[in-house]
Amino acid sequence: MPLLTVTNLRTSFHTRHGVVRAVDGVGFALERGETLGLVGESGSGKSVTCLSLLGLLPSPPARIEAGSAMFDGVDLLRCAPRELRAIRGRRISMIFQDPMTSLNPYLRVSEQLIEPLLIHEKISRPDALARGLAMLEAVGINDAARRLHQHPHQFSGGMRQRVMIAMALITRPELLIADEPTTALDVTVQAQILELIKKMQRELGMAVIFVTHDLGVVAGLCDRVQVMYAGRVVETATTHTLFRAPLHPYTRALQRSIPGLQPKGGDLHTIPGLPPDLARLPPGCAFAPRCEFATDRCQTETPALREATPGHAHACLRAQAGEI
Amino acid sequence: MSAPILELTDLQTHFPVHSGFFRRRPAGTVKAVDGVTLSLGRGEVLGLVGESGCGKSTLARTILQLVPTTGGTVILEGKNLTTAATAGLRAARRDLQMVFQDPFASLNPRLTVFAALAEPLRVHRVCPAGDVPARVAELMTLVGLSPAAAQKYPHEFSGGQRQRIAIARALALRPKVIIADEPVSALDVSIQAQILNLLASLVRSMGLSLVFIAHDLAVVKHISDRIAVMYLGKIVELGPAAAVIEHPLHPYTRALVSAIPVPDPDTERTRQRLVLPGDPPSPINPPPGCAFHPRCPFVQEKCKLAIPPLTPADVSREVACVRLGEI
Ligand SMILES: Nc1ncnc2c1ncn2[C@@H]1O[C@H](COP(=O)(O)OP(=O)(O)OP(=O)(O)O)[C@@H](O)[C@H]1O
Ligand SMILES: Nc1ncnc2c1ncn2[C@@H]1O[C@H](COP(=O)(O)OP(=O)(O)OP(=O)(O)O)[C@@H](O)[C@H]1O
Ligand SMILES: [Mg+2]
Ligand SMILES: [Mg+2]
């Protein structure tokens with residue numbers, strides 16, 4: 001049985017400008033020890049998907065309209081707040097996209113780091129501090145014994161991000177939800193953090209949902225990838241298949257936009273047009289206005305996510321009809 | 001070659017650190033920027049890369065005089081900013097804009113995006129008051145956002161959308177120099193490509209000069225004319241972008257290049273990495289000699305003796321390594 005099964009998740013924001021359908025029918029299953037990559041357009045609902053699972057969206061304006069998220073027999077979207085808090089602190093951890101706003105500037109790093117241990121585990125302060133120190137060292141913070149007692153503003157952007165990673169891993173969670181955890185890190189430290197995550201997966205069977213823009217990181221870390229556009233999953237496949245045989249035009253366009261290591265000069269490939277306004281989604285496929293393959297049918301008919309081969313599903317009418 | 005638009009000479013920014021229970025005892029200094037000499041040509045894009053915590057953001061903030069300089073000079077079009085009075089600095093800031101690493105913290109949550117973009121236009125009287133809405137709409141479109149979205153507040157945008165707003169704000173005053181601190185790290189590759197194309201076209205059409213800080217070496221290589229590699233407050237390698245990435249000379253640059261993730265699952269899982277042993281050193285008690293020596297695979301006794309200066313390796317490249325030529 002999968003560790004986490006998300007079905008038909010729908011989350012909206014009710015704002016002055018109308019209802020923003022940020023997540024619109026997202027579903028996936030995640031096994032223990034598995035890593036799922038979540039990629040896609042900025043604003044496509046990756047963070048909102050993660051935050052919905054953990055009940056961390058402010059409501060109002062956010063509202064979970066439908067769906068379920070079964071985590072080891074408990075529906076995260078419907079369980080009591082107390083139960084969710086207990087799961088969130090210990091069995092599921094999240095690394096947030098914005099490290100500065102999620103660290104308390106007035107509290108020393110040590111206090112923030114060991115807080116989850118003190119709350120959820122029967123552990124003495126000195127033992128918790130010792131584990132905090134070991135964790136800071138594991139994420140590559142030099143001079144950790146001194147750093148432990150500093151305040152967040154004395155850390156560089158990348159060091160703050162590593163503190164967040166240490167906080168998330170310190171309780172040895174079963175599921176780690178990591179929202180662009182290495183975006184602020186240089187490649188050598190990034191490589192070190194990815195190794196650390198892989199090691200914890202081997203040792204603890206930790207499952208990971210990894211949100212990232214870096215397709216290189218996806219290639220090295222993820223077992224499966226889910227591509228999102230305008231609140232929906234447009235393609236999902238094993239990492240290998242997604243890189244070798246992408247089917248959805250958005251996925252293909254994304255791959256062409258990666259700056260290679262080729263010399264400077266020449267414009268990068270981009271996708272023409274603007275991402276859609278989620279409060280006024282056009283009928284039909286949300287990507288159609290920007291899609292080089294779109295036909296009249298794409299403007300009116302909403303494509304469903306269908307399997308092309310086992311484990312490889314996509315939501316493109318033309319690819320499903322074998323036309324592209 | 002015309003005179004550089006921006007010149008940094010032996011720039012130093014040190015932070016005092018305190019220890020003890022009441023943090024009263026000065027325990028030393030963090031030499032976040034420690035003797036950086038660099039120049040930026042008109043219309044040039046200079047990429048700045050290096051380990052997290054090596055001082056890139058501090059260097060950027062020092063150029064803008066947002067943190068006090070410990071030593072050295074910043075000269076923008078002949079004006080010395082390190083000695084300029086407040087009025088002079090304000091004028092200079094119009095020409096010198098920064099895109100901050102943390103878009104969440106750099107936008108005022110109580111202002112709509114329209115207000116955030118209109119403010120600099122009004123304060124600096126960039127255009128007649130009646131043209132402000134049109135100019136704001138133009139800026140929104142420029143960074144790939146719908147002009148109608150300007151009525152929203154920053155928290156109503158995703159991370160990447162906020163980063164584009166921060167870029168629009170920096171562009172509002174049509175500055176001559178932009179210091180962009182990881183401007184595309186939070187963006188998906190297609191929008192990243194849009195922003196990179198946008199910045200490159202502004203460089204071409206408006207003669208904008210750009211200091212571009214990023215961790216993604218493929219991105220840096222794509223946009224930069226030259227790349228400067230920083231390690232623990234110092235520049236350790238400087239040269240043409242393609243040469244630095246394709247034939248890195250400093251051992252740290254070599255490690256950096258070998259850690260670049262490749263967007264291909266087979267290559268990524270099989271290739272060999274030059275993994276750096278140990279942690280980045282403490283900027284408070286940097287190791288003697290070359291700061292990279294404790295992690296360097298090529299280290300010798302002589303590396304521990306003196307700090308290697310940045311020395312010409314060929315006509316266009318400078319490297320700070322005493323073993324250069326031997327390794
Ligand atoms: N509090 C809010 N009120 C209104 N709309 C919101 C709010 N938070 C997010 N949104 C909208 O929901 C959509 C999804 O946002 P989300 O943060 O999930 O995007 P994302 O895929 O994580 O993007 P990025 O890659 O840029 O981080 C966006 O279009 C955003 O504008
Ligand atoms: N206000 C401050 N007080 C004390 N130390 C500071 C302060 N600001 C930065 N530092 C220290 O200066 C060093 C350089 O930090 P900086 O933010 O410039 O690094 P960076 O190269 O931008 O790193 P990153 O890639 O992680 O953003 C770090 O050791 C940091 O802890
Ligand atoms: Mg996000
Ligand atoms: Mg920085």
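To find a chain, count down the sequence lines: A is the first, B the second, and so on, and within it residues start at 1. Computation of the quantities below employed the complete heavy-atom set of this structure, encompassing side-chain atoms and omitting hydrogens, waters and symmetry-equivalent molecules.
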So, the part of B:Q161 with a heavy atom under 4.5 Å from chain A: the answer is both
Considering only heavy atoms, which portion of [X] lies under 4.5 Å from any heavy atom of chain B: side chain, backbone, both, or neither?
| X | value |
| --- | --- |
| A:R280 | neither |
| A:E180 | side chain |
| A:S44 | neither |
| A:L194 | neither |
| A:R256 | neither |
| A:T188 | both |
| A:H240 | both |
| A:V218 | backbone |

Under 3.5 Å, sequence neighbours excluded: what are the donor-acceptor pairs made by side chains of residues 146-157 of chain B?
unit_1	atom_1	unit_2	atom_2	d
B:S146	OG	B:A148	N	3.3
B:E156	OE2	A:R16	NH2	3.4
B:E156	OE2	B:Y153	N	3.0

What's the shortest heavy-atom distance between [X] and [Y], and which atoms?
| X | Y | value |
| --- | --- | --- |
| B:P263 | A:I258 | CB-CD1, 3.8 Å |
| A:S257 | B:A193 | O-CB, 4.0 Å |
| B:P261 | A:D214 | CG-OD2, 4.0 Å |

Reported [atom1]-to-[atom2] distance for the pair [X] and [Y], which is rounded to 0.5 angstrom:
| X | Y | atom1 | atom2 | result |
| --- | --- | --- | --- | --- |
| A:T270 | B:L196 | OG1 | CG | 11.0 Å |
| A:H269 | B:N197 | NE2 | CG | 10.5 Å |
| B:D266 | A:T239 | CG | OG1 | 11.0 Å |

Run the side-chain contact (heavy atoms from CB on, under 4.5 Å) test on B:Q192 and A:L268 for me, step by step, so that the C-alpha distance in whole Å, both residues' side-chain angles and the decisive distance to 0.1 Å come before the verdict. CA-CA 9 Å; B:Q192 172 179 300; A:L268 292 166; over 6 Å; no
Which residue out of [options] racks up the most heavy-atom pairs below 4.5 Å with chain B?
| options | result |
| --- | --- |
| A:V48, A:L254, A:D277 | A:L254 |
| A:M159, A:H17, A:K46 | A:H17 |
| A:P61, A:S47, A:C222, A:A22 | A:C222 |

**Request:** Carefully, step by step, assess A:Q255 and B:V189 under the rule side-chain contact (heavy atoms from CB on, under 4.5 Å).
**Result:** CA-CA 8 Å; A:Q255 275 184 4; B:V189 284; over 6 Å; no
Taking the side chain as C-beta and beyond, is there a heavy-atom pair between A:Q161 and B:S52 under 4.5 Å? no
### Query
Should B:I260 and A:Q190 count as side-chain neighbours, where that means a heavy-atom distance under 4.5 Å?
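Counting from C-beta outward, B:I260 and A:Q190 never come under 4.5 Å.
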query: Considering residues, nucleotides and ligands other than A:R21, do more than 12 of their heavy atoms fall under 6.0 Å from its CZ?
result: no
